[in-house]
Structure formats: structure tokens, C-alpha cells
Amino acid sequence: MVKIAIAGAGAMGGRVGMQIAEAGYDVTLIDYWTEHITNIQQHGLNIQTEKDTYHINIKAQLPEQIDEQYDLIIILTKAMDSEAMIEALNEANAIKETTAVLTMMNGLGHEERFAKIIPKSQIFLAVTMWTAGLRGPGQILLEGTGTIELQRADGGEDYRTEAINTIFNNAKLNSTISDNVFESIWSKATLNSVLNPLCTILDKTINQFSLYEQARQMVIPIIEEIVAVAHARGLELNFENLINKIEAAYPIESQGLHYPSMHQDLYKGRLTEIDYLNGQIVTYGKACGVATPHNEMLTHMIHQLELTYKK
């Protein structure tokens, strides 16, 4: 039987893990949050949907409790915790030569960091439009629908690609195999690199940010830098498509009522993922000779705020 680990069992990890488990697969949730894991071990995972609330029994472990090998490991930690998680899995001998390690995290550059630990042929990239919320230890909130797009990080395709896609679709996660997942990853990263830091710095919901009549003028230079860096790295991004995608998030009936995840992290005293969004754009820009002053300033401003709100 296929053994699957969800490494990073927060809101999204919980959603993906429980849907795969409900499809009949052997799933283990792995997370560093002791209270969360203990609650799941003792009471199951509590799930609240738009129509119902229920529990499912699902295996859950702390990283130091890992005691088996997996065929598929899905990484859904916070970006800054991902390398430590991969190293913990590797040290526990949980990763076989045939194990597929798939990251569905936000941000850029994960395949480069993972390749320092495991062969690139074992790394798979995915981008998802599913959402989820964390109500407390062992409790997740599921709303709406979404999609997943995946590809092996080196562009190759093997039996695992189709197998992962089948698992996701059996779990009703609406998955497709991509021939250019990097474009989708960069598109989502652009959305997050614009709305996450701006709404966090300004302490506004997405819709509140959009109500300023010059909001587009604030957004344009950030996107222009990201497109320039992507082009320098051989990836074509369409500027107008990116603007439209960001502005489609503004209405209340879309994402407008929400504070982005970076805002939630900052004001709860947690480190943000800024270094894997705007900060990674800055790093790439320096490597290929593209100036990114707007992304660099946003990175510095978020780090300043982290000093203010850290617990």
C-alpha cells in the first residue's frame, strides 16, 4: 500500500491530508506543533466545513517520532521550516531512493534548497488554489474549492508523476499535470509578493487596500521588477495577466474580506515568509543583474515589523 506523509500539518496540510486519507490512502500527518499532534492522536482531526462538523481518525506524529518510510512526502510547512523538516525526514530514513518529495508551499526557490539534501529527480513542485483555516490544535476549517497543478522539478516525467496526480484526483483535489509549473508558481508568488506585504504593512484587508484610488500605481512597480527577474531567468510572465489576477482578488465576494497570511503571521508574533517571496526576488535579481528596489524595500519593512511584533 502507498504510504504518504504530510510534513507540515497546519491548515493546508490538514486539508490535503484528510482528503487523501478519506480517499482510502495510508496517510500520516507530521508537524512540530506538539499540542496539535497530541490533540489529533487523542481525539482525531476535527473538521468544520460550510455544512458540517466531524472528526476523522488519522495518524499523526512529531518529526522525532517518525518510524517508517514513505512513497510520497508532501511538504506543507512554513517555508522557513521546510529544510529542517526535510533534514529530519532524511535523518529518520523516511526518504527512500524512490520517494517523491512534493512541495506545495508558497514562495520561490524551494527546489533549489531541497536539492542540497535530496536528488532533484525526487523533487516535485505543485501550486494549489485550495484554501483552509486553522481553528486551533487539531481543528481545521474547510471552505470553497480549488485546484492543484504539479510537475517534477527537473521537468522530467515518470510513473510517480501520474501516480501522484491519480492520488490527488481520487482525493477530489482537482489535480492536473503541468508542462510548465514554474509559470504558475511565479504567478501565485507575484500575487503573494504584492498583496501580502502591502496589506501587512498598511494593516488592511485586500478589499480595503483596493479602495485607494492609486492602488494600481503602488502595485505596478513591484510587478515590473518580478517580470524583469523572471525574464532574466528564462521564464515568460505576462504583466497584464498578473495585474488582472491581483485585481480579481479585490472584491469582497472574492478574497477582499481577508487579511493575507503574512498579516496573520506578523500580528500573531510569528516570522513571515517574506524572504521566500519578495526577498527571493531580490536574491534572484542580484544574481542576474536586475535591480529590484521596490521588492527590497518591502522585504526590509516587513523585517522591521517582525522586530516590533515578535513574541
Side-chain angles (χ1 to χ4, degrees), residues 6-13 16 32 73-87 101-118 120 123-132 146-151 153 178 180-201 222-223 225-227 229-230 233 235 237 242 245-246 249 255 258-266 270-288 290 292 294-296 298-303 305-306:
I6 311 296
M12 274 303 301
V16 171
Y32 285 105
I73 299 173
I74 301 171
I75 307 294
L76 274 164
T77 62
K78 286 291 186 180
M80 65 285 288
D81 298 325
S82 60
E83 287 180 77
M85 179 63 81
I86 289 286
E87 289 173 351
V101 179
L102 179 144
T103 169
M104 208 181 294
M105 298 180 295
N106 289 330
L108 300 169
H110 300 308
E111 72 284 357
E112 298 161 10
R113 287 180 282 273
F114 287 8
K116 298 174 185 176
I117 305 169
I118 57 176
K120 200 166 185 178
I123 303 170
F124 289 75
L125 303 176
V127 60
T128 182
M129 301 310 293
W130 287 96
T131 61
T147 59
I148 294 175
E149 185 180 340
L150 70 100
Q151 186 180 22
S178 175
N180 188 7
V181 75
F182 286 98
E183 182 176 344
S184 297
I185 288 172
W186 276 70
S187 177
K188 185 176 181 181
T190 301
L191 174 75
N192 288 331
S193 295
V194 170
L195 296 180
N196 271 275
L198 289 176
C199 290
T200 301
I201 292 164
I222 304 169
I223 301 175
E225 290 178 5
I226 296 172
V227 170
V229 170
R233 290 176 57 85
L235 182 67
L237 293 181
L242 294 173
K245 183 173 184 175
I246 289 165
Q255 300 176 46
H258 299 285
Y259 290 100
S261 60
M262 185 176 291
H263 182 285
Q264 297 172 46
D265 286 338
L266 180 78
R270 299 190 293 251
L271 290 177
T272 72
E273 295 181 311
I274 190 70
D275 288 334
Y276 301 87
L277 294 166
N278 308 78
Q280 188 65 52
I281 294 299
V282 174
T283 298
Y284 284 153
K286 289 178 179 177
C288 57
V290 176
T292 55
H294 294 89
N295 282 276
E296 187 163 10
L298 289 173
T299 303
H300 288 313
M301 292 179 76
I302 292 295
H303 282 318
L305 287 169
E306 285 175 338

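Quick caveat, the model's predicted, so the values are computed rather than measured. Along the sequence shown, residues carry numbers from 1.
Put simply, CG on Leu191 and CD1 on Ile226 are 10.0 Å apart, with the number rounded to the nearest 0.5 Å. Distance CD/Gln255 to CD1/Ile246: 11.0 Å, rounded to 0.5 Å. Here the straight-line distance linking atom CG of Leu150 with atom CZ of Phe124 works out to 8.0 Å at 0.5 Å rounding. Note that the CH2 atom of Trp186 and the OH atom of Tyr284 stand 6.0 Å from one another [nearest 0.5 Å]. Considering CG of Leu266 and CG of Asn196, their distance stands at 11.0 Å, rounded to 0.5 Å. The distance from atom CE of Met262 to atom OG of Ser193, rounded to the nearest 0.5 Å, is 7.5 Å.
Looking at residues two or more places apart in sequence or on another chain, you find a salt bridge (charged side-chain N to carboxylate O under 4.0 Å, His left out) between Glu112 and Arg233. With sequence neighbours left out, Thr272 forms a side chain to side chain donor-acceptor pair (under 3.5 Å) with Glu306. By the salt bridge (charged side-chain N to carboxylate O under 4.0 Å, His left out) test, Arg113 is found to be paired with no residue, residues two or more places apart in sequence or in another chain being considered. Taking Ile117 as the reference, Ile86, Glu87, Asn90 meet the side-chain contact (heavy atoms from CB on, under 4.5 Å) condition, with sequence neighbours excluded. The side-chain contact (heavy atoms from CB on, under 4.5 Å) check on Met80 picks up Lys78, Leu271, Glu273, Tyr276, with sequence neighbours excluded. Under the rule for a side chain to side chain donor-acceptor pair (under 3.5 Å), the partners of Glu183 that lie at least two apart in sequence or sit in another chain are Asn180.
Of all heavy-atom pairs spanning Leu298 and Ile222, the tightest one is CD1-CD1, 3.6 Å. Nearest approach of Phe182 to Glu111, heavy atoms of both residues: CE2-OE2, 3.6 Å. Taking each heavy atom of Val229 and Gly285 in turn, the nearest pair found is CG2-CA, 3.9 Å. Shortest non-hydrogen contact noted between Met85 and Gly8 is CE-N, 4.2 Å. Counting all heavy atoms, side chain and backbone alike, Gly13 lies closest to Ile6 at O-CG2, 3.4 Å. The heavy-atom pair separating Ile75 from Ile73 by the smallest distance is CD1-CG2, 3.7 Å.
Not a single donor-acceptor pair under 3.5 Å links the side chain of Thr77 to the backbone N or O of Ala79. A donor-acceptor pair under 3.5 Å links the side-chain atoms of Gln151 to the main chain of Val181, judged by distance alone. No donor-acceptor pair closer than 3.5 Å links the side chain of Thr128 to the backbone N or O of Ile148.
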Evaluation steps, side chain to side chain contact (heavy atoms under 4.5 Å, CB included), between Gln280 and His110: CA-CA 10 Å; Gln280 188 65 52; His110 300 308; over 6 Å; no
Just do the side chain to side chain contact (heavy atoms under 4.5 Å, CB included) check on Ile185 and Leu108 with the steps written out, would you? CA-CA 7 Å; Ile185 288 172; Leu108 300 169; 3.8 Å; yes
Take Val16 and Leu76 through the test side chain to side chain contact (heavy atoms under 4.5 Å, CB included) and record every step on the way to the result. CA-CA 9 Å; Val16 171; Leu76 274 164; 4.1 Å; yes
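Below 30°, between 30° and 60°, or above 60°: for Tyr259 and His263 the angle between ring planes is below 30°, a parallel geometry.
Two residues are said to be in side-chain contact when any heavy atoms from C-beta on lie closer than 4.5 Å; Glu296 and Lys286 meet this criterion. The closest side-chain heavy-atom distance from Lys245 to Ser187 is below 4.5 Å.
Partner of Asn278 under the side chain to side chain donor-acceptor pair (under 3.5 Å) criterion, chosen from Thr299, Thr283, Asn295: Asn295.
With 3.5 Å as the limit, one finds no donor-acceptor pair spanning the side chains of Glu225 and Thr292.
With a 6.0 Å radius and a threshold of 12 heavy atoms from other residues, nucleotides or ligands, Lys120 has its NZ atom above the threshold.
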